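In this text, all values refer to a predicted model and were calculated from it rather than measured experimentally. In what follows, chains carry the letters A, B, and so on, assigned in the order in which the sequence lines appear, proteins first and then strands, with residues in each chain numbered from 1.
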There are 2 protein chains.
Amino acid sequence: MKLSDYPRPSVTVDIVIFTIKDNNLKVLLVKRGVEPFKNKWAFPGGFVKIHENLEQAAKRELEEETGVKEVYLEQLYTFGDVSRDPRGRVITVTYFALINSEKAKEKLNASTDVIEAEWFEISNLPPLAFDHSEILKYAIKRLKWKFEYTTIAFSFLPKRFTLTQLQKIYEIIFEKNFDKRNFRKKILSLELLEPTEEKEKEVSYRPPQLYSLKSKIKIGKIIDII
Amino acid sequence: MKLSDYPRPSVTVDIVIFTIKDNNLKVLLVKRGVEPFKNKWAFPGGFVKIHENLEQAAKRELEEETGVKEVYLEQLYTFGDVSRDPRGRVITVTYFALINSEKAKEKLNASTDVIEAEWFEISNLPPLAFDHSEILKYAIKRLKWKFEYTTIAFSFLPKRFTLTQLQKIYEIIFEKNFDKRNFRKKILSLELLEPTEEKEKEVSYRPPQLYSLKSKIKIGKIIDII
DNA sequence: TCAAAAGTGTTCCGAATACACCCATGA
DNA sequence: TCATGGGTGTATTCGGAACACTTTTGA
């Protein structure tokens with residue numbers, strides 16, 4: 001059996017990039033500059049090069065679009081329905097990335113085939129190209145699941161952060177408030193964090209303790225958080 | 001941008017099929033009849049046809065190999081490293097299937113390109129072709145995770161089963177024993193099961209109650225089980 | 001001295017764990 | 001009547017949830 005015996009589909013990667021800005025969960029979309037779905041919004045992505053691993057392709061697209069390296073990145077799901085792309089058979093391997101709000105501030109690079117790139121609030125999205133609404137639904141499900149059972153929340157935060165910042169992120173993701181005392185008790189009991197020497201300064205209230213993730217704790221580690 | 005501008009990889013599906021037989025977790029392997037890796041064992045799989053959805057391809061391969069329809073099937077992960085197949089660039093979308101021991105008894109169909117098919121104990125496997133060891137590792141991780149947090153355990157059981165059978169399955173997957181009273185209390189408190197009219201007969205001990213999964217409970221539903 | 005957010009402890013309730021004996025049946 | 005696996009209840013421990021006030025700082 002030869003590989004050449006079979007007609008081959010095209011393979012792309014698409015990346016759902018989340019961040020938290022202005023107390024909202026946001027996702028990065030690009031406006032397509034070419035057909036199909038010209039002028040519609042879609043997730044950043046592109047064709048997998050023939051000598052490039054899937055994750056490399058995802059990282060390349062991510063960096064082209066945001067200029068950011070070192071983000072949390074994991075494979076999400078592969079969508080390959082026959083009719084998902086009007087140009088022909090296109091299978092897309094989707095990825096899921098989280099970047100922290102400081103990095104998200106850096107300016108977005110509109111790349112080839114893209115008119116502009118913009119952060120959209122999850123609750124206020126334009127219509128999406130292809131089957132990208134379905135992809136997003138899946139990505140949000142995964143995001144909540146991961147927040148509940150792993151340490152990914154920290155990928156939305158800078159190296160040093162306060163417990164209040166962390167709590168705020170959980171409140172945004174789960175769309176509900178937590179009791180401050182119970183939240184702190186729970187998080188500290190997990191022994192993931194260590195206090196840093198410094199406290200945040202130049203605030204007109206009691207300066208909060210800054211914490212950092214213990215170096216041996218990997219982001220994404222499975223552990224019951226909430 | 002045209003699809004034809006890009007060289008395309010080949011795309012396959014591979015299926016990790018688990019069952020429980022003889023009180024052991026087993027996986028179905030086929031012996032390859034063609035190069036590469038001729039005479040080595042691998043997961044059942046094959047090329048995705050150009051007019052066939054990914055899940056259809058997985059179901060087709062599954063049925064060709066085992067003759068079984070109606071199994072629990074979910075997408076696992078997509079492996080696409082450049083050098084994973086010596087023939088060239090081949091991306092494989094892997095699936096994860098669970099079939100119950102009664103169905104697993106039915107005879108296996110050796111299909112094209114395959115010399116034989118056989119159930120292997122997880123703890124006693126031959127060397128695997130391609131990157132299939134890595135795929136298996138990933139599949140086992142997913143299996144345990146799903147057992148802990150969803151109702152997939154029931155896909156290893158026939159429609160009617162005893163609580164002892166269920167407990168046995170958890171003990172095999174988690175490689176440890178559970179207390180009978182606590183296990184029953186926990187499972188029954190989840191309100192997933194209903195007793196059936198009959199009891200198992202022709203056993204030389206007190207006949208056990210048979211239970212079935214309530215019809216509104218979907219297999220795979222997320223819920224803390226253990 | 002005021003405004004703003006930081007920080008902290010106790011009680012209550014429900015779930016998980018540990019643990020041992022009697023029951024129903026066919027041989 | 002015996003062997004076999006089925007079936008059941010209670011006490012203890014641990015973690016989650018509810019709940020309000022004092023502290024520290026800069027303005």
*asked:* Here's a test of your reading of the structure: between B:R181 and B:S189, which maps to the more 5' nucleotide of DNA chain C?
replied: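 Per heavy-atom nearest nucleotide, the more 5' residue is B:S189.
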Using side chain to side chain donor-acceptor pair (under 3.5 Å) as the criterion, list what pairs up with [X], not counting sequence neighbours.
X: A:K180; result: none
X: A:Y72; result: A:E74
X: B:R160; result: B:E198

Tabulated below should be each protein N or O lying under 3.5 Å from an N or O of nucleotides 10-13 of chain D; please produce it.
| residue | atom | partner | partner atom | Å |
| --- | --- | --- | --- | --- |
| D:dT10 | O4 | B:K185 | NZ | 2.9 |

Indicate every side-chain donor-acceptor pair of residues 217-226 of chain B with a distance under 3.5 Å to a residue at least two apart or in another chain.
| residue | atom | partner | partner atom | Å |
| --- | --- | --- | --- | --- |
| B:D224 | OD1 | A:Y149 | OH | 3.3 |

_First encountered from the 5' end of DNA chain D, between A:K180 and B:L188_ =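 Here B:L188 is the residue nearer the 5' end.
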*Set of salt bridge (Lys or Arg N to Asp or Glu O under 4.0 Å) partners for B:R60, sequence neighbours left out*: B:E52, B:E64
*salt bridge (Lys or Arg N to Asp or Glu O under 4.0 Å) involving B:E70 - partner list, sequence neighbours excluded*: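 Residues passing salt bridge (Lys or Arg N to Asp or Glu O under 4.0 Å) with B:E70: none at all.
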*Which residue pairs pass the side chain to side chain donor-acceptor pair (under 3.5 Å) test when at least one of the two sits in residues 186-197 of chain A, sequence neighbours left out?*
none
*Inter- and intrachain pairs under side chain to side chain donor-acceptor pair (under 3.5 Å), touching residues 127-139 of chain B, at least two apart*: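 Pairs touching residues 127-139 of chain B that pass the test: B:R84-B:D131.
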What is the separation between atom [atom1] on [X] and atom [atom2] on [N], rounded to the nearest whole Å?
X: A:N177; N: D:dA17; atom1: CG; atom2: P; result: 14 Å
X: B:L166; N: D:dG7; atom1: CG; atom2: P; result: 13 Å
X: A:F178; N: D:dA17; atom1: CZ; atom2: P; result: 9 Å
X: A:I187; N: D:dA17; atom1: CD1; atom2: C1'; result: 16 Å
X: A:D224; N: D:dG15; atom1: CG; atom2: C1'; result: 12 Å
X: A:I225; N: D:dG15; atom1: CD1; atom2: P; result: 16 Å

*Classify the side chain of A:K186 versus the base of D:dG16 as yes if they form a donor-acceptor pair under 3.5 Å and no if they do not.*
no
*asked:* Can you confirm if the aromatic rings of B:F161 and B:Y211 lie within a centre distance of less than 6.0 Å?
replied: no
*Taking any atom under 4.0 angstrom from a heavy atom of chain A, which nucleotides of DNA chain C are the first and last to qualify, 5' to 3'?*
C:dA3 to C:dT10
_Is it the case that over 12 heavy atoms from other parts of the model lie below 6.0 angstrom from the NZ atom of A:K59?_
no
*Give A:T164 one of three labels, base, sugar-phosphate or nothing, depending on what nucleic acid heavy atoms sit under 4.0 Å from its own.*
sugar-phosphate
*Return the set of residues passing ring-ring contact (aromatic ring centres under 6.0 Å, His included) with B:F37 (not counting sequence neighbours), or none when no residue passes.*
B:F130
Could you list all N or O pairs between the protein and nucleotides 25-27 of chain D that sit under 3.5 Å apart?
| residue | atom | partner | partner atom | Å |
| --- | --- | --- | --- | --- |
| D:dT25 | O2 | A:S204 | O | 3.3 |

